[in-house]
A.B. asks: 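Provided herewith is a single structure, encoded as structure tokens, for subsequent inquiry.
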Amino acid sequence: MEHSLPPRPVRPRRSVLYLPAGNARALAKLPDLGCDSVIFDLEDSVAPEAKDEARESLRSFFADGRAKALPTGMEKIIRINSLSSPWGAEDLLAARGCRPDAILIPKVDAPDDIAAVEDALAQTDAPAVLRLWAMIETPRGVMNAARIASLARTDGTRLDCFVTGANDLIKETGVAAVPGRPWLSSWLMQIILAARAYGLDVLDGVYNDFRDEAGLIAECRDGQAMGFDGKTLIHPSQITLANEAFGIDPDRLAEAEAIAAAFARPENAGRGVISLDGRMVERLHLEMAQRLMDKAARIAARDQGDHTQ
Ligand code: COA
Ligand code: MG
């Protein structure tokens, strides 16, 4: 059954770092990192023969208090292997036991791939606060992005966020991986549009060359202009740049505050459209302004270490 569109969460997801779940040094480094979210990975970054060890490493990280000691504002996601793989069922069980904020399902081709995980979680009475994220990284996933995103309007759904998987998409399609992503961009825009149509957050894919700062900055700026909420990352050196690129532009914040102040004036009460500094401003701009101000407040709280937001 469809329900009305929920408001999109405004929690900061500027920088979302992948961390191979079996990498002890990376796990030890995590408390000092300023990423908004971390994805503990059991999938592509873990070799088949290391899957069991990585899963056990993750279980201990969540069981022995290290996960709890992370900054509370840092969102915790676990990427499992697909349920059709030899490791998927065991991963899902382990991930559910870890009580992360979300589980990330890889290589989602169609709504059924999400429904299968929703069903498995329902059977274990998983709490509703446990959310699902979906990787869109296959040709069928991109073509079906709208149908997959529409699950977000189903009662009781856990689906919250799309994550673009750039490397898999390049591998599966043969599209050239070149600066500016001239041919990839139309598929990325399709993923963004599908996410927005149904109120999901949507994250850009990774930038592999982690020593190339200028390249990452350029790709983050593109991603921000395209409409992504943030960027998935592979290395700590990429966090600050992503936080800057997907942060709030002070000029845009000042403009938003001016719009809110203008609509708050008594003479503008009940007006649908006003003029501000020679520009037409409508109530939809007020909504955008309020959303931006809300996000700015949450980002400021996150950056100042107030993790209650
Ligand atoms: N998360 C947390 N810490 C990380 C990290 C990550 N993703 N990547 C590197 N680090 C840590 C390293 O452990 C190292 O810490 P140390 O100084 O305490 O030993 C420090 O950052 C510097 O790392 P560096 O030596 O520059 O890189 P590396 O050679 O150890 O690792 C990669 C390079 C690419 C193998 C590694 O960054 C990585 O595995 N990234 C994630 C890959 C992934 O998850 N891919 C799947 C999604 S696309
Ligand atoms: Mg992938």
Side-chain angles (χ1 to χ4, degrees), residues 13-48 50-51 53-55 57-58 61 66-67 69-71 74-85 87-88 91 95 100 102-109 113 133-142 145 148 161-175 177 181 184 187-188 191 202-213 215-216 219-220 223 228 230-243:
R13 286 178 177 149
R14 298 164 296 176
S15 51
V16 179
L17 179 69
Y18 285 103
L19 193 159
N23 184 337
R25 293 191 71 127
L27 288 171
K29 209 172 187 66
L30 187 57
D32 302 324
L33 301 180
C35 50
D36 287 335
S37 320
V38 55
I39 299 174
F40 300 97
D41 188 27
L42 295 168
E43 203 226 4
D44 280 347
S45 70
V46 181
K51 295 285 188 195
E53 202 184 319
R55 194 187 304 118
S57 151
L58 191 65
F61 186 81
R66 280 176 290 160
L70 294 174
M74 191 189 280
E75 196 175 23
K76 298 180 276 296
I77 298 96
I78 294 175
R79 182 165 76 168
I80 61 171
N81 286 280
S82 130
L83 282 192
S84 60
S85 76
W87 312 284
D91 285 355
I103 291 173
L104 173 56
I105 313 170
K107 301 179 178 65
V108 172
D109 277 333
D113 295 325
W133 290 15
M135 302 259 355
I136 305 296
E137 54 182 345
T138 62
R140 271 184 286 166
V142 176
I148 298 165
C161 185
F162 271 178
V163 182
T164 312
N167 286 329
D168 271 286
L169 209 44
I170 287 164
K171 168 175 162 256
E172 294 297 318
T173 59
V175 72
R181 303 186 283 187
L184 196 57
W187 298 331
L188 301 181
I191 297 171
V202 56
L203 304 174
D204 200 354
V206 300
Y207 189 75
N208 294 332
D209 190 352
F210 60 84
R211 302 212 192 286
D212 175 9
E213 276 199 7
L216 176 64
E219 197 166 286
C220 281
F228 283 114
K231 190 149 182 79
T232 49
L233 310 173
I234 51 162
H235 194 276
S237 64
Q238 300 182 315
I239 295 171
T240 307
L241 296 179
N243 282 347

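Each ligand, and each atom within it, is numbered from 1 in the order the structure gives.
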A.B. asks: In the protein, which heavy atom is nearest to atom 24 (P) of ligand 1, and how far is it?
C.D. replies: His235 NE2, 3.4 Å
A.B. asks: Return the residue, atom name and 0.1 Å-rounded distance of the protein heavy atom closest to atom 1 (N) of ligand 1.
C.D. replies: Leu17 CD2, 3.4 Å
A.B. asks: Measuring from the Mg ion (ligand 2), name the closest N, O or S atom belonging to Asp44.
C.D. replies: OD2
A.B. asks: What N/O/S atom of Asp168 is the closest to the Mg ion (ligand 2)?
C.D. replies: OD2
A.B. asks: At the 4.0 Å heavy-atom cut-off, does Asp44 count as touching ligand 1?
C.D. replies: no
A.B. asks: Could you tell me the residue and atom name of the protein heavy atom closest to atom 44 (O) of ligand 1, and the distance to it rounded to 0.1 Å?
C.D. replies: Tyr18 CB, 3.3 Å
A.B. asks: The test is salt bridge (Lys or Arg N to Asp or Glu O under 4.0 Å); show your working for Asp41 and Arg79 and say whether it passes.
C.D. replies: CA-CA 5 Å; Asp41 188 27; Arg79 182 165 76 168; 2.7 Å; yes
A.B. asks: Testing Lys51, Glu43, Arg55 for side chain to side chain donor-acceptor pair (under 3.5 Å) with Asn81, which one passes?
C.D. replies: Lys51
A.B. asks: Looking only at protein heavy atoms, identify the closest one to atom 15 (O) of ligand 1 and say how far it is in Å.
C.D. replies: Lys29 CD, 3.5 Å
A.B. asks: For the residue pair Phe61 and Phe40, does the interplanar ring angle fall in the parallel (under 30°), tilted (30 to 60°) or perpendicular (over 60°) class?
C.D. replies: tilted
A.B. asks: Give me the residue, atom name and distance of the protein heavy atom closest to atom 29 (O) of ligand 1.
C.D. replies: Phe210 CZ, 5.0 Å
A.B. asks: Is the distance from the Mg ion (ligand 2) to the nearest N/O/S atom of Glu43 under 2.8 Å?
C.D. replies: no
